[in-house]
Amino acid sequence: MGISRVTVEAAYGQLEAEGYLARRVGQGSFVAARFARPPTETVPPLRTTALAALSQRGHQLVRGGGCSDPLTPFAFAAGSPDLRVFPHDTWRQLCNQRLRHEAATLAGYGDPQGYAPLRMAIAAYLHQACDVRGSADQVLVLTSSQQALHLLGSLLLDEGDVVWMEEPAYRGARTALAATGARLVPVPVDGEGMCPSDDLPLPRLIYLTPSHQYPTGCALSLSRRQALLEIARKQGCWIIEDDYDSEFHFDGRPHPAMQGLDRHDRVIYLGTFSKALFPSLRLAYAMLPAALLEPAITVRTLYDGHSNQLMQAVTADFINRGHFATHLRYMRQLYRSRRDLLLDEITAKLSHLLRIHPSPGGLQVLVELPPGSETRLTRQAQAVGVATPGLQSLYLTPPGRDGWLLGFAALSMDKIRAGVHRLQVLRADLPFTD
Ligand SMILES: Cc1ncc(COP(=O)(O)O)c(C=O)c1O
């Protein structure tokens with residue numbers, strides 16, 4: 001190689017020091033035994049090795065299939081906000097201002113409970129927007145609602161504990177709470193939300209989406225809210241109120257949060273900026289009962305320590321300077337007009353195929369399909385290039401009702417029209433019977 005003996009000696013010395021070579025005086029230098037592999041040995045595929053090494057819980061988590069969100073909006077993938085109309089220039093200016101003055105501080109480790117000015121902004125916003133009670137001291141900032149659900153599951157549930165789940169329910173919540181080994185008990189949802197019967201086993205935790213039930217979109221009625229709060233009080237159990245998209249309520253006045261009705265500190269309120277701002281921000285929050293605050297902060301330190309400090313600071317500025325309120329007002333109008341267009345188009349062109357399930361808000365519309373037709377119609381829709389997220393898989397105990405959850409928020413008017421137009425060729429075997 002035309003290099004000096006000193007260089008070669010240094011390289012061999014380094015390899016020996018790192019454990020890659022074994023050097024024996026008078027014999028030579030050899031690849032260290034732990035790196036040498038008999039030529040006949042076949043390497044098992046990594047996938048199998050990794051799965052074989054999983055715990056029971058790990059297997060269960062993997063079998064659950066995880067949760068995934070669409071990377072780019074397309075008709076009719078559910079749950080994506082429209083990011084093209086986000087005020088990116090304002091956001092950039094706020095980032096620059098913060099970086100100019102506090103780059104070093106914001107680059108360091110942060111408070112595990114969350115950046116204090118953001119916690120103050122969240123507490124004030126929640127109080128004004130949906131009557132959530134509690135101060136900035138009770139706010140815990142997290143990366144996502146999904147992280148909050150995992151954290152609360154591990155903090156509050158033991159193996160076999162009963163959790164009442166809405167049926168059908170948000171898959172993310174189901175998988176996060178099931179991961180604790182808790183026993184998930186499906187509780188049917190009707191037009192007034194979760195409807196528990198007297199014969200259910202008593203819960204340790206109740207998971208709810210009261211403002212727009214996911215996926216049916218209905219609101220939990222006041223009498224049901226009161227009844228569930230009473231069960232929580234008597235039983236000493238917790239209620240998770242997952243308020244994932246109440247910012248987007250279009251028809252009539254939204255219900256105030258259930259947490260605001262709770263006089264016995266049983267409700268944990270969760271919110272996220274994934275839809276109201278943008279998903280990759282990775283910021284969500286919990287308003288916690290005082291008794292859970294210290295334990296939850298401690299467990300948060302065991303996850304990822306804290307959320308991105310710069311993004312927390314910029315989000316606080318975005319809220320405090322009025323941009324958040326302006327953005328929400330604009331998005332509400334935009335989404336409402338898209339929702340109305342989708343409903344009109346479906347009514348005019350697809351009523352032979354499906355029935356609309358009315359909802360006062362949200363980023364997707366639930367439609368019901370003739371019983372037994374979801375799988376076949378979904379395949380037909382795929383064949384014409386339209387995604388139609390199914391309802392069946394959101395049931396804990398199949399068979400559930402057949403339907404689709406059609407996302408509209410991120411789609412232009414043209415895309416909505418084109419998507420419905422393509423679905424017109426679909427034919428159900430059975431007509432809809434009312
Ligand atoms: C009921 C519900 N909760 C939470 C989330 C997700 O929020 P995050 O992105 O903060 O995990 C969603 C997303 O669609 C949802 O439907």
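Order of listing sets the numbers, starting from 1, for every ligand and every atom in it.
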Q) How far is atom 5 (C) of ligand 1 from its nearest protein heavy atom, and which residue and atom name does that atom have? A)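 For this ligand atom, the closest protein heavy atom is Tyr170 OH, 3.3 Å.
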
(Q) Quick check on contacts: which atoms of ligand 1 are under 4.0 angstrom from a heavy atom of Tyr207? (A)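 Answer, ordered by atom number: 1 (C).
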
Q: Would you mind running through ligand 1 and noting each atom that sits below 4.0 Å from a heavy atom of Ser274?
A: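 In order of number, 8 (P), 9 (O), 10 (O).
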
Q. Are side-chain N/O atoms of Gln213 and Thr216 paired as donor and acceptor at under 3.5 Å?
A.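 Yes, side-chain donor-acceptor contact under 3.5 Å.
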
Q | Between Asp402 and Ser373, a side-chain donor and acceptor under 3.5 Å | A |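 Looking only at side-chain atoms, Ser373 and Asp402 do not form any donor-acceptor pair under 3.5 Å.
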
Compute the shortest N/O to N/O distance between [X] and ligand 1 and return yes if it is under 3.5 Å, no if not.
X: Asp242; answer: yes
X: Arg282; answer: yes
X: Ser145; answer: yes

Q | Phe273 ring center within less than 6.0 Å of Tyr125 ring center | A |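 Distance test on ring centres: not under 6.0 Å, no.
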
Q | Aromatic contact, Phe76 with Trp404 (centres under 6.0 Å) | A |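 Judged by ring-centre distance (under 6.0 Å), Phe76 and Trp404 do not meet the cut-off.
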
Q: Please indicate whether Asp198 has more than 12 foreign heavy atoms, meaning atoms of other residues, nucleotides or ligands, lying under 6.0 Å from its CG.
A: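 Result for CG/Asp198: open.
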
Q.
Would you say that more than 12 heavy atoms from the other residues, nucleotides or ligands in this model lie under 6.0 Å from the CG of Leu302, or not?
A.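 Counting other residues, nucleotides and ligands, CG of Leu302 exceeds 12 neighbours.
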
Q) If hydrogens are left out, which of Gln146, Gln147, Lys275 has an atom nearest to atom 13 (C) of ligand 1, that is, the closest non-hydrogen atom? A)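 It is Lys275 that holds the nearest heavy atom.
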
